[in-house]
Number of protein chains: 2
Amino acid sequence: MNLRELSERLNLSQTTVSRALNGYPEVNEETRKRVAAAAAKFNYRPNIRAQTLATGRSMSIGHIIPFSKQNEMVNIVFADFIAGAGEIYAQHGYSMSLSLVRDEDELNAYQGVAEKGAVDGIIVHSPARDDPRISFLSNLDIPFLVHGRASEVTTPYSWLDVNNKRAIETGTAHLLDLDHRRIGLINGEERMDFAQRRRDGYLAALTAAGITPETALMRSGEMSEPHGYASAHDMLDSTEPPTAFVASSIVSALGVRRAIEERGLVMGRDISILCFDDDISYLPNGRTTPVFTAMRSSVRAAGRRCAELLIDQIKIPQQGMATELWDAELIIGGSTGPCPKGR
Amino acid sequence: MNLRELSERLNLSQTTVSRALNGYPEVNEETRKRVAAAAAKFNYRPNIRAQTLATGRSMSIGHIIPFSKQNEMVNIVFADFIAGAGEIYAQHGYSMSLSLVRDEDELNAYQGVAEKGAVDGIIVHSPARDDPRISFLSNLDIPFLVHGRASEVTTPYSWLDVNNKRAIETGTAHLLDLDHRRIGLINGEERMDFAQRRRDGYLAALTAAGITPETALMRSGEMSEPHGYASAHDMLDSTEPPTAFVASSIVSALGVRRAIEERGLVMGRDISILCFDDDISYLPNGRTTPVFTAMRSSVRAAGRRCAELLIDQIKIPQQGMATELWDAELIIGGSTGPCPKGR
DNA sequence: GAATCACTTCAAAGCGCTTTGGATGTCTGA
DNA sequence: TCAGACATCCAAAGCGCTTTGAAGTGATTC
C-alpha cells in the first residue's frame, strides 16, 4: 500500500493525503480523520526511502567506529553512550547508523557517509589530541559533535566533555587528604585526549601538594581488567610500592583490586583505590554503598545530551557551536581510607 | 555534483554513466575509464537515498533494542556482537541501523522498520523462550535471523546459537569430576532462552551424577558483578555452602570471586568457579593462562557469522532457513581445582 | 453584484538514481 | 548485398514521496 493507492481509495489527491498525514494545517479536519482512518485500516506506512529522497533529510545520525581502535571504541563505555543517544534519537524520529571501517579508511568513511547523504549528522567518539577527523569534518559541511575534545585542534567545533582534568585532580587531592603520598596512576591510552587530561589532573594535584611525580608510578594502556591488574601488580612489587591508586575506569579498578587482594591486602585499609566511574549500567559501582570511591559522570547521560545537541544543530544549522563541560562528582565508597601509619 | 551534471559534462547519458560506474558490461572500456576519471575528478558520489529508492534495497540491517530490557541488551555482550556483525556489514556495503524503542512499542518498531523499507533484514537479540517477535516477523515478509533460539516457538526461522545446554552440562560435569558435590548456579534471567538452557545443562549434569538439585543453590538474575557477588555471598553464608560455582558470565564470575576473596578464601583451591566466557575483547579471560576455567564461545565471531547468514538470506531469499549450533569450548584456567577433602 | 478572502483541494514537478526497451552503427557470413 | 549478431549508447519511465503554484469553493465585504 503506497500513497497513490491510498489516495485513490479515498478519492483524494496524493497532496492532500500526504498533508493530512503530516499534520499540515490546510486540510479539513474531517478529511484528516477520514485519511487517518484509512491509513490505519490499510496499514499504510510511508516508504522511508522515498521520504528521505523527497525531503533531503535522512533522519539518521552516523557513528563511525574504526577497526584497529576497536577495543578502545566498541567498548563498555561506548555501549552505554549509544544507549543514551539512541533514546533521544527515538524520541525525535531519528535512527542511528553505525558503521565499522578499517582505520585507514576512516576519513573516507566520513566523507562517503556525508556526501552520499546517508546521515544528517555525525557523532565523533574518543578524539585523540590532534584528531584529524575534526578539521576534516569541518570542511565537509555536515553537522557533527565530538564526545570529548581534541586539545590541539584549533578550528571551532561542537563538543561535550567531562572536565577530566579537574575530576582526576579532585580525586587525587582526596587521596592526598588521606595522607597518601605514593599514588599510582593507571591511565587509558594517552594519545586519547581524555587520558592526557586525566594525567594532567593527576600531576597538578601532586605538584600542588609538593610531591614530585615518578614515572614508575604512572602507567597507561587499554582500560581492561588485565591491564589494571598487571599495572598494579608491577607497582606493588616495587621496592617502594604505592599506598593508593587512581584508575581511569572501573574496569581497570577491578584489576587493581584483584592485584591487591591476591596479596592478602585489604582494599580501603591497606591500599586505597579511586577510579573514574562512567556509571555503566551493568557494571554498577554499588547502589547505596559504592564499592569504589570514584569520580562519577554518567556516560549514558552524556550520550543523551550529545544527541540533543546534535539534533538541535541539525534543525537550526545557523546557530553557533555548542560546547558543554561537565563536572564529575566525587563519590565516597569503600575503597579508600587513610594512609596506613609509617608508609 | 549529481548524476545528471556528471553525465552532461561527459556528454553521455545518465544511463551510460550509471552503468559505467556500476560495472555493467554493455559499456565500452574506454568510456568506462573516462567516466571513472571524471567521477574521481569531480568527487562524485551517488546519493544513497536516491539509490535505495531506485533499487528498492536499503543496504542496511536493523537491530532493535527494547528499553526496559536495556540492561540485558545494550550490554557488554551486545557491544562485541555488533562489532563482529559490523565488520561483515562493512565488507558487503551494508550499514547497521540501531533503534532503541520502548518495550511496549517493540513489535510496532519491527513492523515500522520493515514496512517503511528502512532495512533489508533484521537481527533479533536475546530471545525469550516464547518470544512473540519471531512469529510476528515471520508474517512480515522480511529476512531476519535470531541470535539464540526460542524453544517454544514452532514456526521455522533462521538462527545461530551456542549449545548452551551442552556447554553448561560439560562445565558442570568438569566440576563433578573434580569431586565437587555442592555446586552453586548463578544464572542469567531465566525468561531468556539461553539461561533456561544453561539451567537445563546444569540440572542434567547433576542428575547424571546422581545428585539432587537444590533450589538454594540456584540463582538467576541480571548478569552483573553485584548480582554475582550477592548470590555467591548468600550461598557461602548458608549452613552447607557450595564448594564450586557455575556462573553464567564472566561479569558475574568477577562478583563471585569478590565474595570468595572477601572471606579470605582462595579461588581454585578453597572454592572453584567455572563460568561462561563470551570472549569479550576488553574483559579477556587471560591470554596464555586463563583466570577462569570457562566454557568459551566468542560472541564477536557469532556476530560475524550472523551477519553473513543474514546477508546470504537477503541476497538469495528463496533458500531455506539457516540454522547453526555452535559448541563452546572448555578452557581450563586457574579458578578450578579438586574439591577440598572432607567437604 | 462584484471583489475579496479564507478554506480546501489538486495537478504536476521535482528529489537523484536505476532500468527497461529501444536505437544506432558496425561487423560477420551466406 | 543483406539479414542477423553484436557492441554501445540513449530517452524515458519508474521508485514513492513532498512541495510548489494554482484553482475551485462559499462566505464575507463594500
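Naming: A, B, ... by sequence-line order, numbering from 1 per chain. Quick caveat, the model's predicted, so the values are computed rather than measured.
- Side-chain N/O atoms of B/Tyr24 include none lying less than 4.0 angstrom from OP1 or OP2 on D/dT8.
- A salt bridge between A/Glu29 and A/Lys33 is absent, with no side-chain N of the basic residue lying under 4.0 Å from a carboxylate O of the acidic one.
- Between A/Tyr157 and A/Phe144, the two ring planes are parallel [angle under 30°; tilted spans 30° to 60°].
- Rounded to an integer number of Å, the gap from CG of A/Asn28 to P of C/dC7 is 11 Å.
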Listing, residues 53-60 of chain B side-chain donor-acceptor contacts under 3.5 Å, not counting sequence neighbours, or none:
unit_1  : atom_1 : unit_2   : atom_2 : d
B/Thr55 : OG1    : B/Gln51  : O      : 2.8
B/Thr55 : OG1    : B/Arg57  : N      : 3.2
B/Thr55 : OG1    : B/Arg57  : O      : 3.4
B/Ser58 : OG     : B/Ser60  : N      : 3.4
B/Ser58 : OG     : B/Ala118 : O      : 3.1
B/Ser58 : OG     : B/Asp120 : N      : 3.3
B/Ser58 : OG     : B/Asp120 : OD1    : 3.0

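- Rounded to an integer number of Å, the gap from CZ of A/Arg57 to C1' of D/dG16 is 16 Å.
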- Can B/Ser298 and B/Asp278 be said to form a side-chain contact (heavy atoms from CB on, under 4.5 Å), step by step? CA-CA 5 Å; B/Ser298 162; B/Asp278 292 287; over 6 Å; no
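- Heavy-atom distances under 4.0 Å link DNA chain C to B/Asn2, B/Leu3, B/Gln14, B/Thr15, B/Ser18, B/Arg19 of residues 1-21 of chain B, given in residue order.
- Across B/Phe81, B/Trp159, B/Phe78, a single residue satisfies ring pair (Phe, Tyr, Trp, His ring centres under 6.0 Å) together with B/His147, and that is B/Phe81.
- Interface residues of residues 29-56 of chain A facing DNA chain C, ordered by number: A/Thr31, A/Leu53, A/Ala54; criterion, heavy-atom separation under 4.0 Å.
- Of all the heavy atoms in A/Pro127 and A/Asp131, the pair that sits closest is CA-OD2, 3.3 Å.
- For B/Arg133 and B/Tyr110, the positive end is not near the middle of the six-membered ring at less than 6.0 Å and at most 45° from its axis.
- A donor-acceptor contact under 3.5 angstrom links the side chains of A/Thr16 and A/Ser13, judged on distance only.
- Remark: C1' of C/dG16 and CD of A/Glu115 are 15 Å apart, rounded to the nearest angstrom.
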